[in-house]
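First comes the structure, then the notes that go with it.
Below, chain A is the first sequence line, B the second, and so on; all start at residue 1.
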There are 2 protein chains.
Amino acid sequence: MTDAKVTSIDVARLAGVSQSAVSRVFSGASASKSTIAKVRAAAAQLGYRPNSLARAMITGKSRIIGLVVAYLDNQFYPAAIERLGAALQERGYHILLMMAENSAEGVEQVIQDLMAYQVDGIITASVAMTSDLTERCAALGIPVVMFNRGQDGSGFSAITSANREGGAKVAEFLLAGAHQRIAHIAGWQGSSTGRDRTEGFVARLAEAGVTPVATIDGMYARDAAAEAARTIMAQDARPDAIFVGNDHMAFAVMDVLRGELGLSVPGDVSVVGYDDVPMAAWPAYDLTTLRQPINRMVEATVDTVLGQIEDPDRLPEKIEIAGPLIVRGSARIPEGWTR
Amino acid sequence: MTDAKVTSIDVARLAGVSQSAVSRVFSGASASKSTIAKVRAAAAQLGYRPNSLARAMITGKSRIIGLVVAYLDNQFYPAAIERLGAALQERGYHILLMMAENSAEGVEQVIQDLMAYQVDGIITASVAMTSDLTERCAALGIPVVMFNRGQDGSGFSAITSANREGGAKVAEFLLAGAHQRIAHIAGWQGSSTGRDRTEGFVARLAEAGVTPVATIDGMYARDAAAEAARTIMAQDARPDAIFVGNDHMAFAVMDVLRGELGLSVPGDVSVVGYDDVPMAAWPAYDLTTLRQPINRMVEATVDTVLGQIEDPDRLPEKIEIAGPLIVRGSARIPEGWTR
DNA sequence: CCCAATGTTGCACACGTATGCAAGTCACAA
DNA sequence: TTGTGACTTGCATACGTGTGCAACATTGGG
């Protein structure tokens with residue numbers, strides 16, 4: 001007997017109690033055994049479920065988290081969304097998903113929309129925010145957590161992997177492999193993750209007295225990375241190793257090296273990526289890469305945003321989680337290292 | 001001057017008009033030039049945006065679409081979500097994203113949640129619904145559109161590619177290529193898409209007097225498909241062609257064939273997939289596949305769900321969109337066909 | 001100059017729920 | 001029996017917006 005719209009008043013009438021009694025039963029406030037039983041029975045009979053929007057109006061808590069995401073080509077983000085969604089659902093929250101091109105106006109518009117829906121918190125994945133916008137969110141008491149992207153200033157929380165350290169680990173690995181001419185196709189230098197990985201990488205090389213033979217910004221895009229690979233391999237000092245700023249670009253680079261240039265990986269060139277997306281383990285690429293510990297990053301993100309919702313005085317935090325280098329077959333394996 | 005919570009009453013007070021005047025300005029109802037100007041100015045000064053939840057309460061339209069999705073490993077779904085999100089945003093709707101394992105109880109729970117949030121419509125991607133559930137949605141006047149999955153019975157809309165026709169096209173292509181022993185690793189036979197592709201494929205082979213040398217359900221899963229490939233290749237009549245129920249599985253199959261078994265594709269075995277996800281075009285796989293016209297499928301999905309929202313009397317429709325076979329390098333190319 | 005028609009505005013109420021408050025119930029101990 | 005405390009329950013109100021209705025302002029034509 002599912003009727004068009006069932007409200008708590010209908011349930012109250014059928015159960016012979018007041019509307020507030022129904023509300024108390026469903027919001028977990030105290031009520032007598034008999035009332036609970038009557039209400040539950042009536043609700044079941046009518047197929048009643050409390051209206052979340054009305055509930056949100058009155059409590060000021062929508063239990064909705066806004067998730068802003070730029071593009072989903074890079075397999076890392078679908079994987080992250082999948083886990084974020086599951087983790088939030090488990091804790092009684094829901095996701096309002098927004099696509100935003102990574103421009104100031106685009107993000108502005110999207111955040112405005114989210115605020116209009118009274119989201120309790122916002123998670124941005126691979127999207128930068130103007131500090132103006134972040135201040136407005138802070139003024140409204142809406143916590144913002146940036147996933148896989150950091151930002152200077154202290155208005156917001158950010159969860160990333162330990163990108164400098166990660167870049168350094170890759171440098172160490174390539175140095176240990178006795179590579180002579182090391183190149184770098186960088187993650188987008190407009191993003192903190194891209195810059196940090198590059199910095200850590202270059203700094204550790206410098207400690208060993210090595211300078212990259214080339215560094216090109218791959219913009220986190222397949223075609224830019226492919227083009228960068230062509231450019232790099234066309235130059236005089238042809239590299240024997242390339243560190244690519246993420247796996248998504250690394251696949252494009254390997255496609256160019258093997259497909260277009262007929263080179264062997266790692267015979268002629270070693271390739272190392274960053275992320276360890278599922279595809280990196282597939283035999284077709286078998287990519288050596290620095291793993292971003294996605295599960296722990298997601299946990300930290302959820303903990304941070306929900307923690308800040310529950311305790312508004314909590315300060316924003318920037319969390320970096322270190323990940324291991326996953327040694328596979330796309331780069332020469334130094335003596336003493338194992339897969 | 002962004003204050004904690006700005007309501008239409010605050011704006012009204014500052015503009016020297018009534019709350020209803022503010023409401024009319026923002027909901028597009030008629031108002032005088034001067035009122036509009038005053039309200040706009042006051043709203044801008046206070047940083048006011050109408051509360052979407054309150055608006056949803058009163059109008060009964062939340063402008064939220066529930067999107068239910070099972071898993072995102074298969075690149076086809078992130079791509080679809082990206083486009084669905086963009087298309088819906090463009091038309092003033094927003095996406096409440098829910099993950100659901102593909103079980104009856106899982107979906108039940110998720111749909112309940114969506115209904116509690118008063119979504120205007122529901123799109124399910126690669127998820128089946130019980131007819132009981134669909135009836136309840138229909139009773140509430142919530143249109144449900146299944147994306148890339150069909151279902152018998154007439155309670156709901158479904159957008160798919162022309163799966164039988166597609167399977168038949170693949171059969172034709174493999175027959176034209178003079179393959180002698182054709183095998184099939186099927187899409188999940190619990191889904192309409194999987195069954196339809198198989199049916200169309202097998203029927204067209206039968207017309208030519210050919211029977212598949214093996215058919216195994218790959219469950220739309222990487223490992224099941226890989227295992228199926230091992231089984232199929234271990235049998236006496238080793239196939240020289242395999243039609244795999246989607247690209248995601250086809251990649252796993254190619255990995256097994258080339259990586260584990262050291263076979264050449266298409267030299268020893270031709271492989272054909274279904275979907276044409278972006279990765280199918282990458283040189284590492286260069287997969288011949290039947291394209292699902294994702295853009296047109298998304299358009300049809302959005303049109304259908306919004307159309308049914310605007311006109312509740314509109315009947316559910318089942319739309320099939322045909323796609324072309326994309327000839328690449330993973331399968332022997334018959335005389336007269338071109339890439 | 002007046003009337004009707006058209007356009008604008010404010011008042012009051014509705015949407016469906018949560019919650020403070022006061023009244024009521026019940027049991028238990030003195 | 002009576003008083004006291006612990007629980008329950010219903011009433012009324014609030015959340016922030018849209019909208020019917022009636023009052024009012026404005027305009028144009030005769």
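- If you check every strand for non-hydrogen atoms under 4.0 Å, B/T7 touches sugar and phosphate atoms only.
- Side chains of B/E108 and B/R136 form a contact here, defined as non-hydrogen atoms less than 4.5 Å apart.
- Distance NZ (B/K33) to P (C/dT8): 10 Å, rounded to an integer number of Å.
- The CD-C1' distance, from A/Q118 to D/dG16, rounds to 9 Å in whole Å.
- Atom CD1 in A/I9 sits roughly 10 Å away from atom C1' in C/dC15 (whole-Å rounding).
- The side chain of B/T35 lies closest to C/dT9, out of C/dT9, D/dT8, C/dG10.
- Rounded to an integer number of Å, the gap from A/R55 CZ to C/dT19 P is 9 Å.
- If you take CG of B/N51 and C1' of D/dC15, they are 9 Å apart, rounded to a whole angstrom.
- In this structure, the ring of A/F26 has its center less than 6.0 angstrom from the ring center of A/Y48.
- Considering only heavy atoms from C-beta on, A/L97 comes within 4.5 Å of B/I81 through its side chain.
- Among the nucleotides C/dA18, D/dG16, D/dG18, the one closest to the side chain of B/M57 is D/dG16.
- Residue side chain A/S20 reaches the base of D/dC11 through a donor-acceptor N/O pair under 3.5 Å, judged by distance alone.
- Residues B/N148 and B/I159 form no side-chain contact, since every pair of their non-hydrogen atoms from C-beta on lies 4.5 Å or further apart.
- Under 4.0 angstrom from either OP1 or OP2 of C/dT8 there lies at least one side-chain N or O belonging to B/S30.
- Rounded to an integer number of Å, the gap from B/R13 CZ to C/dG10 P is 14 Å.
- Each of D/dG16, C/dT17, D/dT19 was ranked by its minimum atom distance to the side chain of B/S23; first place goes to D/dT19.
- Of the candidate nucleotides C/dT8, D/dT9, C/dA18, C/dA18 has the atom lying nearest to any side-chain atom of A/S27.
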Please write out the pairs of protein N or O atoms and N or O atoms of nucleotides 4-6 of chain D separated by less than 3.5 Å, giving the distance to one decimal.
none

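- Going from atom CZ of B/R24 over to atom C1' of C/dA12 covers 12 Å, rounded to whole Å.
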From CA spacing to verdict: side chain to side chain donor-acceptor pair (under 3.5 Å), B/Q308, B/S157: CA-CA 10 Å; B/Q308 240 166 319; B/S157 299; 3.2 Å; yes

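- For B/S8, the listed nucleotide lying nearest its side chain is D/dT17; candidates were C/dC21, D/dT17, C/dT17.
- Within the 4.5 Å cutoff, side-chain heavy atoms of A/M129 are placed close to those of A/T124.
- Here the side chain of B/Q19 is nearest to one of C/dA12, C/dC15, D/dA12, namely C/dA12.
- Between A/Y48 and the phosphate of C/dT17, there is a side-chain N or O to OP1/OP2 separation shorter than 4.0 Å.
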Chi angles and distances behind the side chain to side chain donor-acceptor pair (under 3.5 Å) call for B/Q109, B/D113: CA-CA 6 Å; B/Q109 174 58 43; B/D113 278 16; 3.0 Å; yes

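- A straight line from CG of A/L53 to P of C/dC15 spans 15 Å, rounded to a whole angstrom.
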Side chain to side chain contact (heavy atoms under 4.5 Å, CB included) between A/S126 and A/Y77, worked out: CA-CA 9 Å; A/S126 83; A/Y77 292 105; 3.0 Å; yes

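- Distance from the side chain of A/V17 is smallest for D/dG10 among the nucleotides D/dT8, C/dT9, D/dG10.
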